[in-house]
Colleague: 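Mind looking over this structure? Questions follow.
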Amino acid sequence: QVQLVESGGGLVQPGGSLRLSCAASGSIFSIGAMTWYRQAPGNLRELVARITGGGKTVYADSLTARFTISRDNVKNTVYLQMNSLKPEDTAVYYCNADIATSAWSTDNYWGQGTQVTVSS
């Protein structure tokens, strides 16, 4: 079995920073793209940032200047550094990854989510 476990969420004041982590564990052969999504109350889940197995990154247009995605392939972990946080960044942040458990089997996995609240 494969699990994705997010951490690092919490309450932060506007202008502050947080670093989210998402660690994959279990029977992992390889990991492809790893993606952060977020969902605010009443809104659809939206893509925040994605990083491929080769390190290519994609961001939501409005977040490029403030958020940075990175990964540690040895630790099977993806990170999201969030700076200059705004109240509108408040959401549950979810980790998603394409994980191969063998050379011929790849599935898409979701973490349980971590709450980020930006408020004074």
Side-chain angles (χ1 to χ4, degrees):
Q1 280 194 340
V2 172
Q3 280 190 317
L4 294 176
V5 178
E6 299 106 332
S7 61
L11 174 64
V12 63
Q13 292 187 341
S17 298
L18 281 176
R19 188 193 194 205
L20 305 183
S21 299
C22 171
S25 63
S27 181
I28 297 171
F29 179 75
S30 65
I31 303 178
M34 303 184 84
T35 307
W36 286 99
Y37 290 84
R38 68 183 183 184
Q39 186 167 19
N43 289 0
L44 297 174
R45 192 170 295 188
E46 62 177 356
L47 184 145
V48 175
R50 172 175 291 145
I51 185 166
T52 67
K56 182 177 180 180
T57 58
V58 175
Y59 294 90
D61 288 343
S62 61
L63 302 176
T64 299
R66 299 187 295 120
F67 289 13
T68 302
I69 190 170
S70 61
R71 64 191 286 166
D72 184 329
N73 291 329
V74 173
K75 296 181 179 179
N76 290 335
T77 300
V78 63
Y79 305 96
L80 184 68
Q81 178 68 43
M82 305 185 293
N83 299 326
S84 303
L85 284 162
K86 305 175 181 180
E88 53 263 42
D89 294 317
T90 296
V92 178
Y93 284 69
Y94 296 92
C95 176
N96 175 277
D98 295 324
I99 298 177
T101 53
S102 70
W104 53 88
S105 179
T106 299
D107 288 301
N108 186 259
Y109 295 86
W110 288 92
Q112 82 286 353
T114 185
Q115 176 70 48
V116 171
T117 302
V118 184
S119 175
S120 55

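Remember, predicted model here, so these are calculated numbers, not experimental data.
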Colleague: Would you say that more than 12 heavy atoms from the other residues, nucleotides or ligands in this model lie under 6.0 Å from the CD of Gln112, or not?
Modeller: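 Counting neighbours around CD of Gln112, more than 12 heavy atoms of other residues, nucleotides or ligands fall under 6.0 Å, so yes.
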Colleague: Could you tell me the separation between the CG atom of Asn76 and the CE atom of Met34, rounded to the nearest 0.5 Å?
Modeller: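 Separation between the atoms: 7.0 Å.
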Colleague: Does a side-chain heavy-atom distance below 4.5 Å link Asp89 with Leu63?
Modeller: yes
Colleague: When you measure from the side chain of Gln81 to the backbone of Arg19, do you find a donor-acceptor pair of N or O atoms at a distance under 3.5 Å?
Modeller: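 A pair under 3.5 Å: no.
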Colleague: Hey, could you give me the CG/CG distance between Leu11 and Leu18, rounded to the nearest 0.5 Å?
Modeller: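 Leu11 CG to Leu18 CG: 9.0 Å, rounded to 0.5 Å.
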Colleague: Would one find more than 12 heavy atoms of other residues, nucleotides or ligands at under 6.0 Å from atom CD of Glu88?
Modeller: yes
Colleague: Within this structure, what is the OH-CG distance for the pair Tyr109 and Asp98, rounded to the nearest 0.5 Å?
Modeller: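 Nearest 0.5 Å value for the OH-CG distance: 10.0 Å.
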Colleague: Give me the atom names and distance for the closest heavy-atom approach of Ala91 to Ala40.
Modeller: CB-N, 3.8 Å
Colleague: Determine, step by step, whether Asp72 and Tyr79 satisfy the side-chain contact (heavy atoms from CB on, under 4.5 Å) criterion, reporting the C-alpha distance in whole Å, the side-chain angles of both residues, the deciding distance to 0.1 Å, and the verdict.
Modeller: CA-CA 8 Å; Asp72 184 329; Tyr79 305 96; 4.0 Å; yes
Colleague: Does the side chain of Tyr94 come within less than 4.5 Å of Arg45's, by heavy atoms?
Modeller: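 Side chain of Arg45 against side chain of Tyr94, heavy atoms only: contact under 4.5 Å found.
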Colleague: Show the nearest heavy-atom pair for residues Thr101 and Ser27, with the distance to one decimal.
Modeller: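 For Thr101 versus Ser27, the nearest heavy atoms are CG2-O, 3.2 Å.
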Colleague: Does Ala33 offer a backbone N or O that forms a donor-acceptor pair with the side chain of Arg71 under 3.5 Å?
Modeller: no
Colleague: Could you give the distance from OG1 (Thr90) to CD (Gln115), rounded to the nearest 0.5 Å?
Modeller: 7.0 Å
Colleague: Can you name the closest pair of heavy atoms from Phe29 and Ala103 and give their distance?
Modeller: CE2-CA, 3.8 Å
Colleague: Taking all non-hydrogen atoms of both residues into account, name the closest pair between Met82 and Leu20 and its distance.
Modeller: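 Distance-wise, the nearest heavy atoms are CE-CG, 3.8 Å.
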Colleague: Would a 4.5 Å heavy-atom cut-off, applied to side chains only, mark Ile31 and Asn73 as touching?
Modeller: no
Colleague: Please give me the minimum heavy-atom distance between Ser17 and Ser84, naming the atom from each residue.
Modeller: OG-N, 4.3 Å
Colleague: Quick check for you: to the nearest 0.5 Å, what is the distance between Arg38 atom CZ and Thr114 atom OG1?
Modeller: 14.0 Å
Colleague: Minimum heavy-atom separation for Leu4 and Ala24, please, with both atom names.
Modeller: CD2-CB, 3.5 Å
Colleague: Do Phe67 and Leu85 come close enough that some side-chain heavy atom pair is under 4.5 Å?
Modeller: yes
Colleague: Could you state the interatomic distance from CD1 (Ile69) to OG1 (Thr57), rounded to the nearest 0.5 Å?
Modeller: 8.0 Å
Colleague: Could you tell me whether the side chain of Cys95 reaches within less than 4.5 Å of the side chain of Trp36, counting heavy atoms only?
Modeller: yes
Colleague: Is there a path of hydrophobic side-chain contacts, each under 4.5 Å between heavy atoms, that joins Val78 and Val92?
Modeller: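 They do not share one cluster, since no chain of ILVMFWY contacts under 4.5 Å joins Val78 to Val92.
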Colleague: Should Tyr93 and Val12 be regarded as members of a common hydrophobic cluster, given that ILVMFWY residues are connected when their side-chain heavy atoms come within less than 4.5 Å of each other, either directly or indirectly?
Modeller: yes
